[in-house]
Amino acid sequence: MSKINSIMSLLQGCNNMGKFQKIHAQVLLNGYQDDPTISNKLLSFCAISISGSLAYASLLFSQVKNPQTSSWNSMIRGYSQSPTPLQAVFYYNKMMFEGQSRPDNFTLSFLLKACEKAKAEKKCREVHGSLIRIGFATDVVVCTNLVRSYVGNGLVGTAQMVFDEMPERDLVCWNSMISCYSQAGLHDEALNIYSRMRNANVGLDEFTIVSLLSSCAHVGALNFGVQIQKFVDENGFMDNVFVGNALVDMYAKCGSLDWACRVFDRMQKRDVFSWNSMIIGLGVHGRGDEAIHFFRQMLTAGVRPNSITFIGLLCGCSHQGQTEEGIKYFHMMSSEFNLEPGIKHYGCMVDMFGRAGKLDKALEFIGNSPTQDDPVLWRTLLGACKIHRNVEIGEEAMKHLVQLKALNAGDCVLLAGIYDAAQDQQGVAKMRKLIKDQGIKTIPGWSWIEVDNSVHKFLVDDKSHNDSEEIYSKLKEIIHRATLAGYVVEEESLVSVPDSGEELYGNSGSYHSEKLAIAYGLAKTSERTSLRIVKNLRVCRDCHSFTKFVSKAFNREIIVRDRVRFHHFKHGTCSCKDYW
DNA sequence: TTAGGGTTAG
C-alpha cells in the first residue's frame, strides 16, 4: 500500500481530533499537504464530521493554495450546519471574489441551506438569480433547497412559485413542499398540496404521512387521519416511530383519546415524543390524573422527560384544578431533571392558580417568572379575574397589558365583562370607547367541522356556505329543541363592535361560529354520529351552555376543541365540568 | 464517492 493510501485509510477510521492531529503531523512530515486528495480529505473531516473542528478547518483551508470547488464546498457545508451559518455565505462570497473555482450544484445546495438557517433573505434571492444564470434551475435538489430556503425566510408565495415552475418534481420535493406548509402553520395549504401530489403519481412515503398527519391534527381532520392510518397499516409503516408518534398525536388532537391509546399500545418503540403526545393529549382533555399516570410509566420505561412533558403535566393539573400536584411537578422539573421552567411553564402555573381562584398566588408567580414582559401571563391572569369577578386584580393586569403595548380587543372584552358583573356601567363604557378609539384589532372567531372528508369553516353570522339556508333553518329548529330541554340564552358582556364582522362574547342576536358548525353537523350527519368541532377562540358561556343542551336534546356526543382544551358534551353535561 | 424531506408546546 502506498504511503498516500495508508494515510487515506487512517483518515477513514479517524474519529477524534487527537487522532486527526497525529495524522496531520504525518502528512506534513511526508510533504503531502499539497496533494489534492489528501488535503480535501483532511478538510472535509475537520469541517463536516461530528468530531471535527471548524476552527481547525479554517486554519487548514487558509493554507491550501488555489482551493478546488470541493474544498470550498467542505467549508460552506461545514458552516451551513454550524451555529454561525453566515460564515458559509462569507466563504461563498470569497470563492466568487477569488474566481479560481466555479460553484457547482453542491455549493449552491449548501449555500441555500445556510441562507435558510441564517435567515438571509437577500442572499437567498441573489442565489436564486445566480443558479438560473449558472444553469441549475432544472436541478431538482438545488431547487428543493431553494424552496426550503424561501420558506425559511418567510417567503411562502415565492417558494410556491419556484415549486410550480420546476420542470421535474420528485417525491422528496413534494414532501418538502408539504412539510414547509405544515411547519409554517398553513395546514389547509399542506393538505391541498397533497391532493395535487396524488395526481403527479410520485407515490408517498413515511415523510409524506408524518407531515400530513401533523396537518390533520392541527385542523382536526379525523376522517382523513383515519384513512392515512389504513394506508399505514397496509404498507407496514407502523414500525416507523415518527409515523406512530404522528398518529398518536393526530388522534389525541382530534379528540379520539381511545384511538391514540390503541396506537400507542401497538408501537414497538416509543420515544419522548410518543409519551409527550399522550401526556399532552390527556392534559388538554382534562384528564390530568391519567396524564400523571402516563408520566410515571414513562419514567419506569427509562425515557427522560423534557420541558414539553412538563407543559402537558402542568396543563393537565390546571384543567383538573390540582394545584398541589401542579406545584410538585413545577419544582420537580429543576430538582430532579435539571430543566429550568420557561415562560410557558409559568404561564401554566398562572392559569392553574387563576382558575382555582387563587389570584394572589397567580400574581406572585408572575412576579417570580423570568420575565414580566410577557403579555400572555397578564392576559391569563385577566381571564382568571373574569371567572372570579375580581375587578382590582383585573385592572392591575390590564395596566400591564397597556404598558406592554400588547392590548387586544379580547382583553377589553374581558375587563368589560368583569365591570359588567360588578354592575359598573362606567367601566363597561370605558372599555367600549377604548376599543373604538384605539382601533384595537380583534381576532375573527371561526369554527370548522369535518363532514364527508371535507372541512367546512364558519365565521360569526356566516352566510357564505352553499347550504346556508338549510343551516339557518336547522339552527332555528335546534334552538327550539334546546330551549324545550332547558336552554336559556346567557348574555354575558355588553361590549360589541358593530359591523366589525368579528366574534365577540355575548354579541346578542348573532350566531357564533360553533352554533353554525353544530347546525351543519346535525343537518348533514346520521343519528348518533359524534360531531367534532375545532374553534380558534375560547368557547363563550352561552355557546357552552347551548352545546350541553343540544347534546341532550339530540342525544349526540359533541366534541369541541377550543383554543386551549377539549370539551366532550354528552347527555347534557361537559367533561370540563364547567371549569374552563 | 459531497446534496434535498418527518413528530410533541407555542
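On a predicted model such as this, the values are computed, not experimentally measured, just so you know. Atoms considered below: every heavy atom in the structure, side chains included; atoms not considered: hydrogens, waters and symmetry mates. Numbers restart at 1 for each chain; the letters A, B, ... are given by sequence-line order, proteins then strands.
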**Report entry** Any A:K253 side-chain N or O less than 4.0 Å from OP1/OP2 of B:dA9
**Finding:** yes
Query raised in the report: Which of the following nucleotides, B:dG6, B:dG4, B:dT2, is nearest to the side chain of A:V243?
Result: B:dG6
Report summary line: Within residues 187-218 of chain A, those residues having any heavy atom closer than 4.0 Å to DNA chain B are A:D205, A:E206, A:F207, A:V210, A:S211, A:S214, A:H218
Query - Pair of N/O donor and acceptor under 3.5 Å linking B:dG4 base with A:D170 side chain - result: yes
**Report entry** Nearest-nucleotide pick for A:Q183, side chain only, options being B:dG6, B:dG4, B:dT8
**Finding:** B:dG6
Query raised in the report: If you look only at pairs with a residue in residues 42-52 of chain A, which of them pass as a side chain to side chain donor-acceptor pair (under 3.5 Å), with sequence neighbours excluded?
Result: none
Requested in this report: Check DNA chain B against residues 298-309 of chain A and give the residues with a non-hydrogen atom under 4.0 Å, in numerical order.
Outcome: A:I308
Query - Salt-bridge criterion met for A:R266 and A:D233 (N-O under 4.0 Å) - result: yes
Query raised in the report: For B:dG4, does OP1 or OP2 lie under 4.0 Å from any side-chain N or O of A:R169?
Result: no
Query - Shortest side-chain distance from A:K41, nucleotide among B:dT1, B:dG6, B:dT8 - result: B:dT1
**Report entry** A:I48 CD1 - B:dT1 C1' separation (whole Å)
**Finding:** 13 Å
Requested in this report: Kindly point out which of B:dG4, B:dG6, B:dT8 is positioned nearest to the side chain of A:D249?
Outcome: B:dT8
